[in-house]
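Residue numbering restarts at 1 for every chain, and letters A, B, ... go by the order of the sequence lines.
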Amino acid sequence: MLHRVIALARIMFLDGVRRHALIGLVALAMAAEAFGFLFMDFFGRDVGRASSDYLFSVMWMAGLIFLFFHAVQVISWDEERGAIYALLSRPISRGEYVLGVFFGLAALLTALLLLLGPVAYLTLLWIKQSLNEVYFPVLSSGHFILAWAGLLAMQIVILAAIMLFSGLVRGGFPVLLLSASYFGICSGLPVVRASAAQHDGQATNLLLQVMTALFPDFDRLDFKDEVLSEVLSLDMTPILTNFSVLILYICVMVSLACWFYGKRDLQ
Amino acid sequence: MIAFENIHKSYSRQVGEKSAHVALNGVSFRLGQGETLGLIGANGAGKSTSIRLILDFIRPDQGKILLFGEPPGNPAQRRRLGYLPEVPSFPPNLTCMDVMRFAGDSCHMNRASMHTAAEKWLTRLGLWDSRKRLLRGFSKGMRQRASFAMALLHDPELLILDEPMSGLDPIGRAEIVDLIRELKAEGKSVLFCSHLLNDVERLVDKVIVLHQGEALFHGSVDELVTSRGQSMEDAFLGLVKGRA
(Lines give C-alpha, C1' and ligand atoms only; values in the text may rest on other atoms or scores of the structure.)
Protein backbone atom coordinates (compact mmCIF):
# COMPACT_ATOMS: atom_id res chain seq x y z
CA MET A 1 0.00 0.00 0.00
CA LEU A 2 2.78 2.41 0.95
CA HIS A 3 4.38 1.84 -2.44
CA ARG A 4 1.24 2.92 -4.28
CA VAL A 5 0.61 5.89 -1.99
CA ILE A 6 4.19 7.08 -2.55
CA ALA A 7 3.80 6.65 -6.33
CA LEU A 8 0.69 8.85 -6.27
CA ALA A 9 2.19 11.38 -3.85
CA ARG A 10 5.19 11.65 -6.16
CA ILE A 11 3.11 12.62 -9.20
CA MET A 12 1.02 15.06 -7.14
CA PHE A 13 4.27 16.67 -5.93
CA LEU A 14 5.79 16.81 -9.43
CA ASP A 15 2.59 18.21 -10.94
CA GLY A 16 2.47 20.95 -8.29
CA VAL A 17 6.14 21.82 -8.31
CA ARG A 18 6.05 22.42 -12.07
CA ARG A 19 2.91 24.56 -11.93
CA HIS A 20 3.74 28.12 -12.95
CA ALA A 21 1.34 29.64 -10.43
CA LEU A 22 3.11 27.90 -7.53
CA ILE A 23 6.55 28.88 -8.80
CA GLY A 24 5.24 32.46 -8.92
CA LEU A 25 3.91 32.13 -5.36
CA VAL A 26 7.33 31.04 -4.08
CA ALA A 27 9.06 33.90 -5.90
CA LEU A 28 6.55 36.45 -4.62
CA ALA A 29 6.75 35.19 -1.02
CA MET A 30 10.56 35.24 -1.09
CA ALA A 31 10.53 38.79 -2.43
CA ALA A 32 8.08 39.76 0.32
CA GLU A 33 10.40 38.22 2.93
CA ALA A 34 13.41 40.06 1.54
CA PHE A 35 11.31 43.22 1.74
CA GLY A 36 11.34 42.63 5.53
CA PHE A 37 14.72 44.35 5.69
CA LEU A 38 13.09 47.58 4.45
CA PHE A 39 9.95 46.95 6.50
CA MET A 40 11.81 47.41 9.81
CA ASP A 41 12.40 51.06 8.94
CA PHE A 42 8.70 51.76 9.46
CA PHE A 43 8.97 50.94 13.16
CA GLY A 44 10.72 53.08 15.69
CA ARG A 45 10.66 50.52 18.49
CA ASP A 46 10.24 46.77 18.98
CA VAL A 47 11.72 46.26 15.55
CA GLY A 48 12.54 42.59 16.23
CA ARG A 49 8.97 41.64 17.12
CA ALA A 50 7.46 43.60 14.24
CA SER A 51 9.88 42.05 11.76
CA SER A 52 9.38 38.53 13.12
CA ASP A 53 5.57 38.93 12.99
CA TYR A 54 5.81 40.23 9.45
CA LEU A 55 7.99 37.35 8.25
CA PHE A 56 5.81 34.68 9.87
CA SER A 57 2.74 36.39 8.38
CA VAL A 58 4.33 36.13 4.93
CA MET A 59 4.93 32.38 5.45
CA TRP A 60 1.40 31.92 6.83
CA MET A 61 -0.17 33.80 3.91
CA ALA A 62 1.90 31.90 1.34
CA GLY A 63 0.74 28.61 2.91
CA LEU A 64 -2.90 29.74 2.95
CA ILE A 65 -2.74 30.82 -0.70
CA PHE A 66 -1.31 27.40 -1.55
CA LEU A 67 -4.10 25.67 0.40
CA PHE A 68 -7.04 27.78 -0.80
CA PHE A 69 -6.01 28.24 -4.41
CA HIS A 70 -4.27 24.94 -5.21
CA ALA A 71 -5.01 22.22 -2.66
CA VAL A 72 -8.80 22.75 -2.61
CA GLN A 73 -8.95 22.10 -6.34
CA VAL A 74 -6.68 19.10 -6.84
CA ILE A 75 -9.28 16.35 -6.44
CA SER A 76 -11.98 18.30 -8.31
CA TRP A 77 -9.52 18.98 -11.15
CA ASP A 78 -8.78 15.28 -11.41
CA GLU A 79 -12.52 14.57 -11.53
CA GLU A 80 -13.45 17.32 -13.99
CA ARG A 81 -10.58 16.63 -16.39
CA GLY A 82 -11.05 12.87 -16.13
CA ALA A 83 -7.53 12.21 -14.81
CA ILE A 84 -9.12 10.37 -11.90
CA TYR A 85 -10.13 7.54 -14.29
CA ALA A 86 -6.56 7.10 -15.52
CA LEU A 87 -5.26 7.07 -11.93
CA LEU A 88 -7.90 4.79 -10.42
CA SER A 89 -7.73 2.33 -13.30
CA ARG A 90 -4.43 1.28 -11.75
CA PRO A 91 -4.48 -1.11 -8.74
CA ILE A 92 -5.09 1.80 -6.39
CA SER A 93 -8.02 2.06 -3.99
CA ARG A 94 -9.93 5.29 -3.47
CA GLY A 95 -8.47 5.52 0.04
CA GLU A 96 -4.93 5.20 -1.33
CA TYR A 97 -5.75 7.92 -3.86
CA VAL A 98 -6.84 10.32 -1.09
CA LEU A 99 -3.74 9.43 0.95
CA GLY A 100 -1.50 9.95 -2.09
CA VAL A 101 -3.02 13.37 -2.77
CA PHE A 102 -2.72 14.31 0.91
CA PHE A 103 0.93 13.29 1.20
CA GLY A 104 1.82 14.88 -2.15
CA LEU A 105 0.25 18.18 -1.13
CA ALA A 106 1.77 17.97 2.37
CA ALA A 107 5.19 17.47 0.74
CA LEU A 108 4.58 20.52 -1.48
CA LEU A 109 3.52 22.61 1.50
CA THR A 110 6.58 21.48 3.47
CA ALA A 111 8.83 22.30 0.51
CA LEU A 112 7.25 25.75 0.24
CA LEU A 113 7.86 26.46 3.92
CA LEU A 114 11.34 24.91 3.76
CA LEU A 115 12.21 27.46 1.10
CA LEU A 116 10.62 30.37 2.94
CA GLY A 117 11.78 29.45 6.48
CA PRO A 118 15.55 29.91 5.98
CA VAL A 119 14.99 33.12 4.00
CA ALA A 120 12.87 34.45 6.89
CA TYR A 121 15.52 33.44 9.46
CA LEU A 122 18.37 34.98 7.47
CA THR A 123 16.35 38.18 7.00
CA LEU A 124 15.77 38.35 10.78
CA LEU A 125 19.45 37.68 11.42
CA TRP A 126 20.40 40.39 8.96
CA ILE A 127 18.04 42.86 10.64
CA LYS A 128 19.39 41.92 14.08
CA GLN A 129 23.00 42.44 13.02
CA SER A 130 22.23 45.78 11.47
CA LEU A 131 20.63 47.10 14.68
CA ASN A 132 21.84 48.01 18.12
CA GLU A 133 21.50 45.16 20.69
CA VAL A 134 18.92 47.25 22.62
CA TYR A 135 16.42 47.19 19.75
CA PHE A 136 16.75 43.50 18.93
CA PRO A 137 18.32 41.61 21.85
CA VAL A 138 17.50 37.93 21.19
CA LEU A 139 16.95 35.71 18.14
CA SER A 140 16.66 32.05 19.05
CA SER A 141 17.18 29.61 16.19
CA GLY A 142 15.69 26.71 18.22
CA HIS A 143 12.53 28.68 18.92
CA PHE A 144 12.40 29.80 15.31
CA ILE A 145 12.39 26.15 14.19
CA LEU A 146 9.66 25.38 16.75
CA ALA A 147 7.55 28.30 15.50
CA TRP A 148 8.13 27.16 11.91
CA ALA A 149 7.06 23.61 12.81
CA GLY A 150 3.95 24.94 14.56
CA LEU A 151 3.01 26.96 11.48
CA LEU A 152 3.49 23.92 9.24
CA ALA A 153 1.42 21.75 11.59
CA MET A 154 -1.47 24.25 11.56
CA GLN A 155 -1.49 24.31 7.79
CA ILE A 156 -1.38 20.52 7.55
CA VAL A 157 -4.48 20.43 9.77
CA ILE A 158 -6.23 22.73 7.27
CA LEU A 159 -5.01 20.46 4.46
CA ALA A 160 -6.51 17.43 6.23
CA ALA A 161 -9.82 19.31 6.48
CA ILE A 162 -9.62 20.12 2.76
CA MET A 163 -9.16 16.41 2.02
CA LEU A 164 -12.23 15.61 4.12
CA PHE A 165 -14.36 18.20 2.31
CA SER A 166 -13.01 17.04 -1.07
CA GLY A 167 -14.13 13.53 -0.13
CA LEU A 168 -17.58 14.76 0.86
CA VAL A 169 -18.58 17.16 -1.92
CA ARG A 170 -17.91 17.59 -5.63
CA GLY A 171 -16.32 20.67 -7.17
CA GLY A 172 -13.52 23.00 -6.14
CA PHE A 173 -15.73 25.94 -5.16
CA PRO A 174 -17.86 24.10 -2.55
CA VAL A 175 -14.63 22.68 -1.07
CA LEU A 176 -13.19 26.20 -0.95
CA LEU A 177 -16.30 27.54 0.83
CA LEU A 178 -16.30 24.73 3.39
CA SER A 179 -12.55 25.02 3.99
CA ALA A 180 -12.72 28.80 4.41
CA SER A 181 -15.62 28.38 6.87
CA TYR A 182 -13.64 25.75 8.79
CA PHE A 183 -10.63 28.07 8.98
CA GLY A 184 -12.85 30.97 10.10
CA ILE A 185 -14.41 28.89 12.90
CA CYS A 186 -11.01 27.56 14.05
CA SER A 187 -9.64 31.11 14.16
CA GLY A 188 -12.67 32.64 15.87
CA LEU A 189 -13.53 29.92 18.39
CA PRO A 190 -10.78 30.76 20.97
CA VAL A 191 -12.02 34.38 21.08
CA VAL A 192 -15.64 33.27 21.55
CA ARG A 193 -14.55 30.78 24.23
CA ALA A 194 -12.61 33.41 26.15
CA SER A 195 -15.57 35.77 25.98
CA ALA A 196 -18.10 33.10 26.95
CA ALA A 197 -15.99 32.02 29.93
CA GLN A 198 -16.62 35.43 31.49
CA HIS A 199 -20.32 35.82 30.72
CA ASP A 200 -22.15 32.64 29.71
CA GLY A 201 -23.35 29.56 31.55
CA GLN A 202 -21.82 26.12 31.87
CA ALA A 203 -23.78 24.66 28.95
CA THR A 204 -22.43 27.23 26.51
CA ASN A 205 -18.89 26.72 27.74
CA LEU A 206 -19.24 22.96 27.47
CA LEU A 207 -20.60 23.29 23.92
CA LEU A 208 -17.67 25.52 22.97
CA GLN A 209 -15.22 23.02 24.44
CA VAL A 210 -16.79 20.20 22.43
CA MET A 211 -16.55 22.39 19.35
CA THR A 212 -12.82 22.80 20.03
CA ALA A 213 -12.46 19.04 19.53
CA LEU A 214 -13.85 19.51 16.02
CA PHE A 215 -12.28 22.88 15.27
CA PRO A 216 -8.82 22.87 16.87
CA ASP A 217 -7.33 25.88 18.58
CA PHE A 218 -4.45 27.00 16.36
CA ASP A 219 -3.10 29.31 19.11
CA ARG A 220 -1.68 26.24 20.85
CA LEU A 221 0.79 25.81 18.01
CA ASP A 222 1.60 29.46 17.55
CA PHE A 223 5.12 29.91 18.92
CA LYS A 224 6.21 32.92 16.92
CA ASP A 225 6.31 35.10 20.07
CA GLU A 226 8.96 32.75 21.49
CA VAL A 227 11.37 33.48 18.64
CA LEU A 228 12.45 36.67 20.41
CA SER A 229 12.03 35.30 23.92
CA GLU A 230 14.87 35.61 26.36
CA VAL A 231 13.71 32.42 28.09
CA LEU A 232 15.68 29.90 26.09
CA SER A 233 14.25 26.69 27.57
CA LEU A 234 10.57 25.86 27.07
CA ASP A 235 8.48 23.26 28.88
CA MET A 236 8.30 20.66 26.13
CA THR A 237 5.61 18.45 27.73
CA PRO A 238 2.57 20.57 26.74
CA ILE A 239 4.14 21.30 23.35
CA LEU A 240 4.66 17.61 22.59
CA THR A 241 1.13 16.86 23.87
CA ASN A 242 -0.33 19.48 21.54
CA PHE A 243 1.62 18.14 18.56
CA SER A 244 0.58 14.54 19.40
CA VAL A 245 -3.11 15.49 19.69
CA LEU A 246 -2.85 17.30 16.39
CA ILE A 247 -1.27 14.30 14.62
CA LEU A 248 -4.12 12.15 15.95
CA TYR A 249 -6.63 14.74 14.71
CA ILE A 250 -5.02 14.74 11.25
CA CYS A 251 -5.13 10.92 11.15
CA VAL A 252 -8.86 10.94 11.99
CA MET A 253 -9.65 13.62 9.39
CA VAL A 254 -7.71 11.87 6.61
CA SER A 255 -9.20 8.46 7.53
CA LEU A 256 -12.69 9.95 7.29
CA ALA A 257 -11.78 11.53 3.95
CA CYS A 258 -10.66 8.11 2.63
CA TRP A 259 -13.83 6.45 3.91
CA PHE A 260 -16.20 9.03 2.41
CA TYR A 261 -14.36 9.08 -0.92
CA GLY A 262 -14.53 5.30 -1.10
CA LYS A 263 -18.33 5.42 -0.82
CA ARG A 264 -18.89 7.93 -3.63
CA ASP A 265 -19.76 7.41 -7.29
CA LEU A 266 -17.19 9.05 -9.57
CA GLN A 267 -19.64 10.58 -12.02
CA MET B 1 -13.22 -12.43 -17.45
CA ILE B 2 -16.30 -10.20 -17.10
CA ALA B 3 -19.84 -11.14 -16.11
CA PHE B 4 -22.38 -8.35 -16.23
CA GLU B 5 -25.74 -9.62 -15.02
CA ASN B 6 -29.04 -7.75 -15.16
CA ILE B 7 -27.50 -4.39 -14.32
CA HIS B 8 -29.64 -1.37 -13.55
CA LYS B 9 -28.05 2.02 -13.00
CA SER B 10 -29.62 5.46 -12.61
CA TYR B 11 -27.85 8.74 -12.01
CA SER B 12 -29.35 10.80 -9.23
CA ARG B 13 -31.63 13.66 -10.14
CA GLN B 14 -29.85 16.97 -10.65
CA VAL B 15 -31.25 20.40 -9.81
CA GLY B 16 -33.73 21.38 -12.55
CA GLU B 17 -34.32 17.81 -13.75
CA LYS B 18 -37.70 16.18 -13.26
CA SER B 19 -36.46 12.64 -12.72
CA ALA B 20 -33.32 10.55 -12.31
CA HIS B 21 -31.60 9.57 -15.56
CA VAL B 22 -31.75 5.83 -16.22
CA ALA B 23 -28.37 4.92 -17.74
CA LEU B 24 -28.74 1.11 -17.84
CA ASN B 25 -31.88 -0.97 -17.58
CA GLY B 26 -31.33 -4.69 -17.10
CA VAL B 27 -28.24 -5.10 -19.29
CA SER B 28 -26.38 -8.43 -19.23
CA PHE B 29 -23.34 -9.75 -21.10
CA ARG B 30 -20.24 -11.86 -20.63
CA LEU B 31 -16.72 -11.63 -21.93
CA GLY B 32 -14.63 -14.81 -21.93
CA GLN B 33 -10.90 -15.44 -22.14
CA GLY B 34 -9.44 -14.31 -25.47
CA GLU B 35 -12.71 -12.82 -26.75
CA THR B 36 -13.25 -9.36 -28.18
CA LEU B 37 -16.55 -7.71 -27.39
CA GLY B 38 -17.72 -4.40 -28.77
CA LEU B 39 -20.27 -2.15 -27.09
CA ILE B 40 -21.90 0.07 -29.67
CA GLY B 41 -24.54 2.71 -29.42
CA ALA B 42 -25.24 6.38 -29.83
CA ASN B 43 -24.10 8.97 -27.29
CA GLY B 44 -25.86 8.38 -23.99
CA ALA B 45 -26.64 4.74 -24.80
CA GLY B 46 -24.86 3.48 -21.67
CA LYS B 47 -21.52 2.32 -23.09
CA SER B 48 -19.25 4.36 -20.84
CA THR B 49 -21.52 3.71 -17.85
CA SER B 50 -21.04 -0.04 -18.39
CA ILE B 51 -17.28 0.38 -18.44
CA ARG B 52 -17.26 2.60 -15.35
CA LEU B 53 -19.33 0.00 -13.51
CA ILE B 54 -16.85 -2.74 -14.43
CA LEU B 55 -14.00 -0.60 -13.11
CA ASP B 56 -15.91 0.23 -9.89
CA PHE B 57 -15.87 3.96 -10.58
CA ILE B 58 -19.62 3.84 -10.03
CA ARG B 59 -21.81 1.16 -8.44
CA PRO B 60 -24.94 -0.52 -9.81
CA ASP B 61 -28.40 -0.01 -8.30
CA GLN B 62 -29.26 -3.66 -9.04
CA GLY B 63 -27.56 -6.66 -10.58
CA LYS B 64 -24.22 -8.35 -10.22
CA ILE B 65 -20.86 -7.63 -11.84
CA LEU B 66 -17.95 -10.06 -11.67
CA LEU B 67 -14.46 -9.21 -12.84
CA PHE B 68 -12.07 -12.18 -12.92
CA GLY B 69 -14.68 -14.08 -10.90
CA GLU B 70 -15.13 -11.59 -8.06
CA PRO B 71 -16.87 -8.25 -7.47
CA PRO B 72 -14.89 -5.37 -8.98
CA GLY B 73 -14.23 -3.51 -5.71
CA ASN B 74 -10.84 -5.09 -5.12
CA PRO B 75 -8.13 -2.82 -6.61
CA ALA B 76 -5.69 -5.75 -6.91
CA GLN B 77 -7.79 -7.10 -9.82
CA ARG B 78 -6.75 -4.07 -11.85
CA ARG B 79 -3.20 -5.44 -12.09
CA ARG B 80 -4.68 -7.82 -14.67
CA LEU B 81 -6.40 -5.19 -16.78
CA GLY B 82 -5.48 -2.14 -18.80
CA TYR B 83 -7.94 0.70 -19.28
CA LEU B 84 -8.03 3.42 -21.89
CA PRO B 85 -10.43 6.18 -20.81
CA GLU B 86 -12.73 7.98 -23.22
CA VAL B 87 -11.01 11.30 -22.50
CA PRO B 88 -7.31 10.66 -21.97
CA SER B 89 -6.26 13.00 -19.22
CA PHE B 90 -3.43 13.19 -16.71
CA PRO B 91 -2.24 15.84 -14.29
CA PRO B 92 -0.94 18.32 -16.90
CA ASN B 93 2.53 19.07 -15.53
CA LEU B 94 3.82 15.50 -15.76
CA THR B 95 5.95 14.03 -18.49
CA CYS B 96 5.15 10.84 -20.34
CA MET B 97 7.85 9.04 -18.34
CA ASP B 98 6.41 10.29 -15.03
CA VAL B 99 3.12 8.68 -16.00
CA MET B 100 4.85 5.45 -17.04
CA ARG B 101 6.79 5.34 -13.79
CA PHE B 102 3.58 5.86 -11.83
CA ALA B 103 1.87 3.10 -13.83
CA GLY B 104 4.81 0.74 -13.20
CA ASP B 105 5.09 1.59 -9.48
CA SER B 106 1.37 1.07 -8.97
CA CYS B 107 1.75 -2.48 -10.33
CA HIS B 108 4.95 -3.17 -8.35
CA MET B 109 7.07 -3.45 -11.51
CA ASN B 110 10.77 -3.05 -10.89
CA ARG B 111 12.54 -0.09 -12.45
CA ALA B 112 14.34 -2.05 -15.18
CA SER B 113 11.26 -3.91 -16.45
CA MET B 114 9.21 -0.72 -16.26
CA HIS B 115 11.80 1.09 -18.37
CA THR B 116 11.97 -1.72 -20.91
CA ALA B 117 8.17 -1.88 -21.24
CA ALA B 118 7.88 1.92 -21.42
CA GLU B 119 10.48 2.06 -24.20
CA LYS B 120 8.71 -0.73 -26.10
CA TRP B 121 5.25 0.83 -25.98
CA LEU B 122 6.25 4.48 -26.33
CA THR B 123 8.36 3.58 -29.36
CA ARG B 124 5.54 1.48 -30.82
CA LEU B 125 3.11 4.37 -30.36
CA GLY B 126 5.52 7.04 -31.62
CA LEU B 127 6.04 8.86 -28.32
CA TRP B 128 9.55 7.82 -27.27
CA ASP B 129 11.11 11.08 -28.50
CA SER B 130 8.50 13.08 -26.61
CA ARG B 131 8.83 11.13 -23.37
CA LYS B 132 10.38 14.03 -21.44
CA ARG B 133 7.90 16.67 -22.66
CA LEU B 134 5.15 17.86 -20.34
CA LEU B 135 1.77 16.35 -21.16
CA ARG B 136 0.10 19.77 -21.16
CA GLY B 137 1.82 20.34 -24.53
CA PHE B 138 0.50 17.09 -26.05
CA SER B 139 -2.26 17.02 -28.68
CA LYS B 140 -5.37 14.94 -28.01
CA GLY B 141 -4.06 12.16 -30.23
CA MET B 142 -0.72 12.11 -28.38
CA ARG B 143 -2.49 11.96 -25.02
CA GLN B 144 -4.61 9.11 -26.38
CA ARG B 145 -1.47 7.20 -27.37
CA ALA B 146 0.21 7.96 -24.02
CA SER B 147 -2.86 6.63 -22.29
CA PHE B 148 -2.71 3.49 -24.44
CA ALA B 149 0.95 2.98 -23.54
CA MET B 150 0.06 3.31 -19.85
CA ALA B 151 -2.73 0.73 -20.24
CA LEU B 152 -0.34 -1.77 -21.90
CA LEU B 153 2.72 -1.18 -19.72
CA HIS B 154 2.12 -4.05 -17.28
CA ASP B 155 1.08 -6.58 -19.97
CA PRO B 156 -2.55 -7.00 -18.86
CA GLU B 157 -4.75 -9.98 -19.74
CA LEU B 158 -7.83 -7.85 -20.28
CA LEU B 159 -8.07 -4.53 -22.10
CA ILE B 160 -10.99 -2.19 -21.61
CA LEU B 161 -10.95 0.50 -24.26
CA ASP B 162 -13.42 3.38 -24.17
CA GLU B 163 -13.57 4.99 -27.63
CA PRO B 164 -9.96 4.08 -28.47
CA MET B 165 -10.04 5.75 -31.88
CA SER B 166 -11.51 9.10 -30.82
CA GLY B 167 -9.28 12.09 -31.46
CA LEU B 168 -6.96 10.20 -33.80
CA ASP B 169 -6.24 11.08 -37.41
CA PRO B 170 -6.77 8.35 -40.06
CA ILE B 171 -3.14 7.18 -39.80
CA GLY B 172 -3.32 7.06 -36.02
CA ARG B 173 -6.60 5.16 -36.23
CA ALA B 174 -5.13 2.59 -38.57
CA GLU B 175 -2.17 2.12 -36.21
CA ILE B 176 -4.43 1.61 -33.22
CA VAL B 177 -6.61 -0.85 -35.14
CA ASP B 178 -3.46 -2.82 -36.07
CA LEU B 179 -2.31 -2.75 -32.47
CA ILE B 180 -5.65 -4.02 -31.17
CA ARG B 181 -5.51 -6.82 -33.76
CA GLU B 182 -2.03 -7.78 -32.56
CA LEU B 183 -3.15 -7.81 -28.95
CA LYS B 184 -6.15 -9.92 -29.91
CA ALA B 185 -3.87 -12.35 -31.74
CA GLU B 186 -1.74 -12.61 -28.57
CA GLY B 187 -4.82 -13.94 -26.79
CA LYS B 188 -5.77 -10.87 -24.82
CA SER B 189 -9.42 -10.27 -24.05
CA VAL B 190 -10.70 -6.93 -25.25
CA LEU B 191 -13.84 -5.03 -24.33
CA PHE B 192 -14.24 -1.83 -26.21
CA CYS B 193 -16.89 0.66 -26.96
CA SER B 194 -17.11 2.87 -29.97
CA HIS B 195 -19.56 4.56 -32.24
CA LEU B 196 -17.23 4.09 -35.23
CA LEU B 197 -18.97 1.03 -36.63
CA ASN B 198 -16.37 0.24 -39.30
CA ASP B 199 -13.69 -0.16 -36.63
CA VAL B 200 -15.97 -2.32 -34.50
CA GLU B 201 -16.81 -4.53 -37.46
CA ARG B 202 -13.12 -5.10 -38.19
CA LEU B 203 -12.14 -5.99 -34.65
CA VAL B 204 -14.79 -7.70 -32.59
CA ASP B 205 -16.02 -11.29 -32.24
CA LYS B 206 -19.26 -10.30 -30.58
CA VAL B 207 -21.19 -7.10 -30.35
CA ILE B 208 -23.80 -5.59 -28.05
CA VAL B 209 -26.02 -2.82 -29.33
CA LEU B 210 -27.05 -0.47 -26.54
CA HIS B 211 -29.78 2.09 -26.92
CA GLN B 212 -31.07 4.33 -24.12
CA GLY B 213 -29.73 1.98 -21.49
CA GLU B 214 -31.12 -1.24 -22.97
CA ALA B 215 -29.35 -4.01 -24.86
CA LEU B 216 -31.10 -4.39 -28.23
CA PHE B 217 -28.80 -7.06 -29.62
CA HIS B 218 -26.13 -9.43 -28.33
CA GLY B 219 -24.34 -11.73 -30.75
CA SER B 220 -21.78 -11.94 -33.51
CA VAL B 221 -21.30 -9.23 -36.11
CA ASP B 222 -22.37 -11.66 -38.86
CA GLU B 223 -25.63 -12.42 -37.05
CA LEU B 224 -26.32 -8.72 -36.67
CA VAL B 225 -25.62 -7.97 -40.33
CA THR B 226 -27.54 -10.94 -41.78
CA SER B 227 -30.57 -10.43 -39.58
CA ARG B 228 -30.97 -6.71 -40.06
CA GLY B 229 -29.42 -5.33 -43.24
CA GLN B 230 -26.63 -5.23 -45.74
CA SER B 231 -24.02 -3.53 -43.59
CA MET B 232 -23.37 -3.10 -39.92
CA GLU B 233 -24.44 0.53 -40.14
CA ASP B 234 -27.78 -0.45 -41.75
CA ALA B 235 -28.29 -3.11 -39.14
CA PHE B 236 -27.50 -0.73 -36.28
CA LEU B 237 -29.80 1.98 -37.62
CA GLY B 238 -32.56 -0.59 -38.25
CA LEU B 239 -32.38 -1.79 -34.66
CA VAL B 240 -32.32 1.66 -33.13
CA LYS B 241 -35.05 3.11 -35.35
CA GLY B 242 -37.18 0.02 -34.81
CA ARG B 243 -36.96 0.67 -31.10
CA ALA B 244 -37.83 4.34 -31.48
Side-chain angles (χ1 to χ4, degrees), chain A residues 1-24 70-71 73-101 104-105 108 169-171 174 258 261-267, chain B residues 9-12 14 21 23 48-49 51-61 73-95 97-109 114 134-136 143 146-147 150-151 153-154 156 160 162:
Chain A
M1 173 185 162
L2 195 61
H3 201 69
R4 295 187 294 272
V5 171
I6 290 171
L8 249 170
R10 182 180 173 274
I11 60 169
M12 291 297 154
F13 181 82
L14 287 175
D15 184 50
V17 92
R18 291 173 187 153
R19 199 177 160 209
H20 292 160
L22 293 187
I23 296 168
H70 179 77
Q73 304 200 68
V74 169
I75 289 183
S76 62
W77 275 334
D78 278 354
E79 290 177 356
E80 284 160 19
R81 293 170 180 165
I84 190 87
Y85 300 120
L87 300 175
L88 289 181
S89 66
R90 313 306 302 175
I92 288 175
S93 69
R94 308 259 188 102
E96 287 165 352
Y97 168 75
V98 173
L99 282 177
V101 173
L105 292 174
L108 269 175
V169 295
R170 290 192 179 92
C258 295
Y261 202 66
K263 296 285 168 199
R264 250 174 62 177
D265 266 4
L266 299 176
Q267 288 180 24
Chain B
K9 175 68 186 174
S10 302
Y11 290 117
S12 53
Q14 302 291 310
H21 170 64
S48 294
T49 297
I51 286 180
R52 287 175 186 181
L53 283 161
I54 292 166
L55 289 160
D56 195 43
F57 295 153
I58 54 177
R59 278 93 192 220
D61 301 331
N74 179 5
Q77 295 165 321
R78 297 200 279 272
R79 276 188 204 171
R80 299 170 63 187
L81 71 84
Y83 169 60
L84 178 72
E86 181 180 6
V87 181
S89 178
F90 305 99
N93 299 306
L94 301 178
T95 66
M97 278 311 275
D98 290 332
V99 171
M100 291 298 137
R101 185 171 163 189
F102 162 72
D105 285 346
S106 66
C107 291
H108 293 259
M109 290 172 77
M114 185 283 291
L134 295 182
L135 292 163
R136 67 176 174 224
R143 286 203 303 272
S147 197
M150 182 174 160
L153 188 84
H154 57 296
I160 297 179
D162 195 350

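- Most heavy-atom pairs under 4.5 Å with chain B, from the set A/Asp78, A/Val74, A/Leu8: that is A/Leu8.
- Counting heavy-atom pairs closer than 4.5 Å to chain B, the top residue among A/Ser89, A/Ala86, A/Ala7 is A/Ser89.
- Checked against a 6.0 Å centroid threshold, the rings of A/Tyr85 and B/Tyr83 do not count as neighbours.
- The shortest non-hydrogen separation linking A/Arg90 to B/Phe102 is CG-CE2, 3.7 Å.
- The side-chain heavy atoms of B/Arg101 and A/Leu14, taken from C-beta on, include no pair separated by under 4.5 Å.
- The candidate with the highest count of non-hydrogen atom pairs below 4.5 Å against chain A, out of B/Asp98, B/Leu134, B/Leu55, is B/Asp98.
- Interatomic distance, A/Ile11 CD1 to B/Asn93 CG, rounded to the nearest 0.5 Å: 11.5 Å.
- Proximity to chain A (any heavy atom under 4.5 Å) is shown, for B/Ile160, by neither the backbone nor the side chain.
- Between chain A and the residues B/Ala151, B/Ala103, B/Cys107, B/Pro88, the most heavy-atom pairs under 4.5 angstrom are made by B/Ala103.
- For a residue to count as touching a neighbouring chain, one of its non-hydrogen atoms must lie under 4.5 Å from one of that chain's; by this rule B/Arg136 touches chain A with the side chain only.
- Counting heavy atoms from C-beta outward, B/Pro75 and A/Arg4 have side chains that stay 4.5 Å or more apart.
- Interface remark: A/Arg19 contributes backbone and side-chain atoms alike to the contact with chain B (heavy atom separation under 4.5 Å).
- When heavy atoms are compared at a cutoff of 4.5 Å, B/Thr49 does not approach chain A at all.
- Interface remark: B/Pro156 contributes no atoms to any contact with chain A (heavy atom separation under 4.5 Å).
- For a residue to count as touching a neighbouring chain, one of its non-hydrogen atoms must lie under 4.5 Å from one of that chain's; by this rule B/Ser147 does not touch chain A.
- Pairing each heavy atom of B/Ser106 with each of A/Pro91, the nearest pair is O-CG, 3.6 Å.
- Residues B/Arg59 and A/Asp265 come closest through the heavy atom pair N-OD1, 3.1 Å.
- Neither the backbone nor the side chain of A/Ile6 comes within less than 4.5 Å of any heavy atom of chain B.
- For A/Arg264, the part lying near chain B is the backbone, with the side chain staying farther off; criterion is any non-hydrogen pair under 4.5 Å.
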